[in-house]
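Note: hydrogens, waters and symmetry copies are ignored here, and every other heavy atom, side chains too, is used. Counting from 1, the numbers follow the sequence of the chain as shown.
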Amino acid sequence: MQEQTDSWKEGVCAVGPAESLKGARVLVTGASTGIGEQMAYHYARFGAQIVITARREKVLQQVAEKCLSLGAQKALYVAADMASESEPAQVVDFALEKLGGLDYLVLNHIGPSPFSMWTGDVDHIRWLMNVNFFSYIQMAWRGLAALEQSRGSLVIVSSLLGKMSSPFVAPYTSTKFALNGFFGSLQHELAMNKSNVSLSICTLGLIDTDSAMEKVKGVTNIPAYPSSDAALNIIITGATRQLDLFYPWFTYVVAASKDMFPSVTNFIIQNSYTYSP
C-alpha cells in the first residue's frame with residue numbers, strides 16, 4: 001500500500017506539488033461510493049482535511065473512518081439530500097465551520113436515473129435537475145467567497161454526455177449539458193474579474209462504478225475506466241488549477257468528432273448499443 005501511495009504522490013508531483021494537498025481543506029460531494037469515495041481516499045492519503053457528503057449516513061461514516069486510517073488530518077461527514085432547497089448550502093456552511101475555510105470544493109454528486117428510452121416523465125427530469133444542476137449552483141455560490149480568500153479551486157465533475165448526446169440517458173444528459181454551459185460561462189466571468197478562484201470542469205467517459213456498470217451491463221461494449229484513476233486525475237486537475245480534464249484522454253477526440261463528423265458519430269453511437277425496438 002505504501003508503494004502505491006508513493007506512486008500516487010509522484011504522479012501529482014509530476015504536474016504540481018503534492019505538498020499543496022497536505023492539510024488542504026476539502027469538501028467532496030457524492031462521496032459514499034464510486035468516484036467521490038475514491039477521491040476522498042486519495043485526498044486522505046495526501047493528508048488533507050476532508051468533509052464528505054452524500055445521502056447515506058452509515059456509509060459516509062465508514063468512508064470517513066477509512067479516510068482517517070489512510071492519513072487524513074480530519075475526516076468529517078454530513079448526510080444531505082441534494083434535491084433539497086436548503087441542504088446543499090447547509091453542507092457548505094458545515095464544511096466552512098468545521099474546517100475554518102475551503103481550499104477545494106469538489107462537486108461530484110448525481111441522482112439516480114433510469115438507463116432507458118424516455119417515456120415522458122417530466123417530473124423526474126425536474127427532480128434530477130435539482131440534484132445534478134441547481135444544487136451545484138447553490139454550493140458553488142455558497143463557497144465562492146471562501147475559495148476567493150484561500151485562492152482555492154472549484155472542481156466540477158461532468159461527463160462526455162454533457163458534450164454529446166446519447167440514447168437512454170436523456171434526463172442525465174440534459175443535466176450535464178446544463179452544468180457545462182453554466183460553469184463554462186462562470187469560468188469566463190471569474191477570469192474577467194481576475195478572481196483568485198480556479199474553476200475546473202472534468203469531462204469523464206464511462207467509469208467502472210457499480211451503478212454505471214449495472215446500467216450498461218449487456219447493453220454496450222463501450223470500455224469502462226477505473227474510478228480510482230479517474231478520481232486521482234480529477235484531484236490533479238484541481239490541484240494544478242487546470243481549466244479542463246478529459247478522462248480518458250480520447251474523450252476529447254470523441255467530443256470533437258461530433259461537430260466535425262456528425263453523421264458518422266451518430267451512426268457509431270446508435271450502433272454501440274444492443275437494442276431492438
- prompt: Is it true that a side-chain atom of Thr265 and a backbone atom of Ser257 form a donor plus acceptor pair closer than 3.5 Å?
  reply: yes
- request: Check the surroundings of atom CD in Gln149: do more than 12 heavy atoms from other residues, nucleotides or ligands lie under 6.0 Å from it?
  value: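 For Gln149, atom CD is not crowded (no more than 12 foreign heavy atoms under 6.0 Å).
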message: Closer than 3.5 angstrom, by distance alone: can the side chain of Tyr136 be matched with the main-chain N or O of His109 as a donor-acceptor pair?
response: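 Indeed, once roles are kept as given, a pair shorter than 3.5 Å links the two residues.
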query: Got a salt bridge between Arg142 and Asp93, using NZ or NE/NH1/NH2 to carboxylate O under 4.0 Å?
result: yes
- request: Applying side-chain contact (heavy atoms from CB on, under 4.5 Å), run through Val63 and Leu60 and close with a yes or a no.
  value: CA-CA 5 Å; Val63 173; Leu60 284 172; 5.6 Å; no
query: Counting heavy atoms not belonging to Phe261, are there more than 12 under 6.0 Å from its CZ?
result: no
query: What about the rings of Tyr275 and Phe168, do their centers lie closer together than 6.0 Å?
result: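 Yes - the distance between ring centres of Tyr275 and Phe168 falls below the 6.0 Å cut-off.
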query: Is atom CE of Met260 surrounded by more than 12 heavy atoms (other residues, nucleotides or ligands) closer than 6.0 Å?
result: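 More than 12 within 6.0 Å, yes.
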field: Distance (rounded to the nearest 0.5 Å) between Ser166 OG and Lys258 NZ
entry: 9.5 Å
- prompt: Is the cationic atom of Lys22 (NZ for Lys, CZ for Arg) positioned less than 6.0 Å from the six-membered ring centroid of Phe46 and within 45 degrees of its normal?
  reply: no
- prompt: Does the ring centre of Phe250 sit less than 6.0 Å away from the ring centre of Tyr225?
  reply: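 Centroid separation for Tyr225 and Phe250: below 6.0 Å.
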query: Hey, are Thr203 and Tyr252 close enough side-chain-wise for a donor-acceptor pair under 3.5 Å?
result: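 Thr203 and Tyr252 do not have a side-chain donor-acceptor pair below 3.5 Å.
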